[in-house]
2 protein chains.
Amino acid sequence: MALGKDYESQRDCTMARGLELVGERWTMLILRDCFYGVRRYSDFFVHLGLPRAVLSERLANLCEQGVLEKRRYQDAPPREEYVLTEMGEAFWPVLAALGAWTTKFAWEPGRRYRTFLHDPCETRLVAYAHCPSCDRAVPAAEVRIVPGPDLPDQPATDPVSVALRRGPKRLLEPLIVTPGGSGAR
Amino acid sequence: MALGKDYESQRDCTMARGLELVGERWTMLILRDCFYGVRRYSDFFVHLGLPRAVLSERLANLCEQGVLEKRRYQDAPPREEYVLTEMGEAFWPVLAALGAWTTKFAWEPGRRYRTFLHDPCETRLVAYAHCPSCDRAVPAAEVRIVPGPDLPDQPATDPVSVALRRGPKRLLEPLIVTPGGSGAR
DNA sequence: CCTGCTAGTTCATTCAATGAACCAACCCGG
DNA sequence: CCGGGTTGGTTCATTGAATGAACTAGCAGG
């Protein structure tokens, strides 16, 4: 599987679950095009230059997941368009964060990169994880990982999953992995 | 190519460029594990359950791009660890946004999802695109797309790229694509 | 009736992911 | 100094997805 969509071993993680929805090749670029205002099959096709079969499959998948909605905007001749749902529009922070990260750390000179400004004030966007209570940006080092609830099913038994359930623990702290029960490293 | 890494047709877009760095299958999950505190080859391996060859290739790639650093933390026996660079740590908002999006829109009941809290105040994180000037979250509809600079090389000629260069334009506004010069739709 | 446009489907080929096996360096215990 | 265990890989046959080209279908307009 190539950038296949399942990550069966990662059932405890929302990020992995998200990647099952949008992590396949081309999918995020299709969503980006939706934000650009692209709505028609043929426009996605000419802009992205991907195989038609892949485009069809991805669009159908995104509709099925509720990220896009396919709707008829004209009856004669029948024409369909793909538009972002509320869920799809809510994906914007992910793309904004990705674009901001690349702009800062992987900018390649000599390319005509588009930029994104806050229209009213013409300021370049940034993207943060945010704490609604403190009302400020939260760096990874201040984030606590909280293991998921105990459920009747069997939890993952690999040493790393076990260590992550031992919590509490913050991001970026080295994880102490104990292979089989004794201390390591 | 399966979630291959190049998107040659998308040279004008920082998001596509970012996906060339981290968009391949497994790569973002490796980064997530780095934030979890995983550092050793064998720990990535047991936790992710991916083929060793893929893990080796992805780690080498991330090091080459400057996202991770491979360093020896012990000489006898020689042991290596992979840690996030400044660039790698700056990727956190992308993962946070992805996790928050999934939590809100694609939560599957019956899974032991980990959650992420701002440790000092125990508040669940959100993620936004942010305007440093207005100091507030910026929804997609308020964002202006600014075409990249004019450069000596040949710009993309597909109708969608042409339409995007006509700007100014906001995200989510339907893009008027003119196939070959006459109005469409 | 003929042409063109949109929105696909089908299919042979290519290339990456998978998974199992193998390998090498090193430590430790006997 | 021999054998077993751990770490950190590499190699390779197999599978399955992406690619790209060809083909199809519905409909409008002339």
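This is a predicted model, so every value here is computed, not measured. Residue numbering restarts at 1 for every chain, and letters A, B, ... go by the order of the sequence lines.
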> Would you kindly give the CG-to-P distance between B:Leu68 and D:dG8, to the nearest whole Å?
15 Å
> Whole angstrom is fine here: how far is it from CZ in B:Arg72 over to C1' in D:dT7?
12 Å
> Could you go through A:Leu175 and B:Arg39, starting from their C-alpha distance and side-chain angles, then the distance that decides it, and tell me whether this counts as side chain to side chain contact (heavy atoms under 4.5 Å, CB included)?
CA-CA 8 Å; A:Leu175 188 67; B:Arg39 298 185 165 191; over 6 Å; no
> Does anything in residues 138-165 of chain A pair up under ring-ring contact (aromatic ring centres under 6.0 Å, His included), and if so which pairs, sequence neighbours excluded?
none
> From C-beta outward on A:Val54, which listed nucleotide comes closest to its side chain: D:dG9, C:dG8, D:dA18?
D:dA18
> In whole angstrom, what separates A:Arg71's CZ from C:dT6's C1'?
18 Å
> When you measure from every atom of DNA chain C, which of residues 59-67 of chain A have a heavy atom less than 4.0 Å away?
none
> Could you check how far CZ of A:Phe44 sits from C1' of C:dG8, rounded to whole Å?
15 Å
> Quick one: hydrophobic cluster around A:Leu117, which other residues, with the 4.5 Å side-chain cut-off, linked directly or via members?
B:Val146
> Just the rounded figure in Å: distance from P of D:dA18 to CG of B:Asp6.
14 Å
> Can you tell me if B:Tyr82 touches the phosphate of D:dG9, counting only side-chain N or O atoms and a distance under 4.0 Å to OP1 or OP2?
yes
> Closer than 4.0 Å, any side-chain N/O of B:Ser56 to the OP1 or OP2 of D:dG9?
no
> Can you list everything that forms a salt bridge (Lys or Arg N to Asp or Glu O under 4.0 Å) with A:Arg166? Sequence neighbours excluded, please.
none
> Quick one: salt bridge (Lys or Arg N to Asp or Glu O under 4.0 Å) pairs with a partner in residues 128-140 of chain A, sequence neighbours left out?
A:Arg136-A:Glu142
> Examine D:dA17: is either OP1 or OP2 under 4.0 Å from a nitrogen or oxygen in the side chain of A:Arg25? Give yes or no.
no
> Both B:Asp43 and A:Glu57 contact DNA chain D. Which one's nearest nucleotide lies toward the 5' end?
B:Asp43
> Starting at atom CZ of B:Arg40, determine the distance to atom P of C:dC26, rounded to an integer number of angstrom.
18 Å
> Are A:Arg25 and B:Tyr7 in a cation-pi contact, defined as NZ or CZ under 6.0 Å from the six-membered ring centre and within 45° of the axis?
yes
> Walk along nucleotides 20-30 of chain D from 5' to 3' and tag each nucleotide B, S or - by protein heavy-atom contact under 4.0 Å, base first, then sugar-phosphate.
B-B----SS--
> Applying ring-ring contact (aromatic ring centres under 6.0 Å, His included), which residue pairs with at least one partner in residues 124-173 of chain B are found, sequence neighbours left out?
A:Tyr128-B:His130, A:His130-B:Tyr128
> Rounding to an integer number of Å, can you tell me how far A:Leu48 CG sits from C:dG8 C1'?
16 Å
> Rounding to an integer number of Å, can you tell me how far B:Leu55 CG sits from C:dT18 P?
11 Å
> Using a side-chain heavy atom cutoff under 4.5 Å and only I, L, V, M, F, W and Y, what cluster partners does A:Leu151 have?
none
> Does any pair with a residue in residues 86-96 of chain B pass salt bridge (Lys or Arg N to Asp or Glu O under 4.0 Å), and if so which ones, sequence neighbours excluded?
none
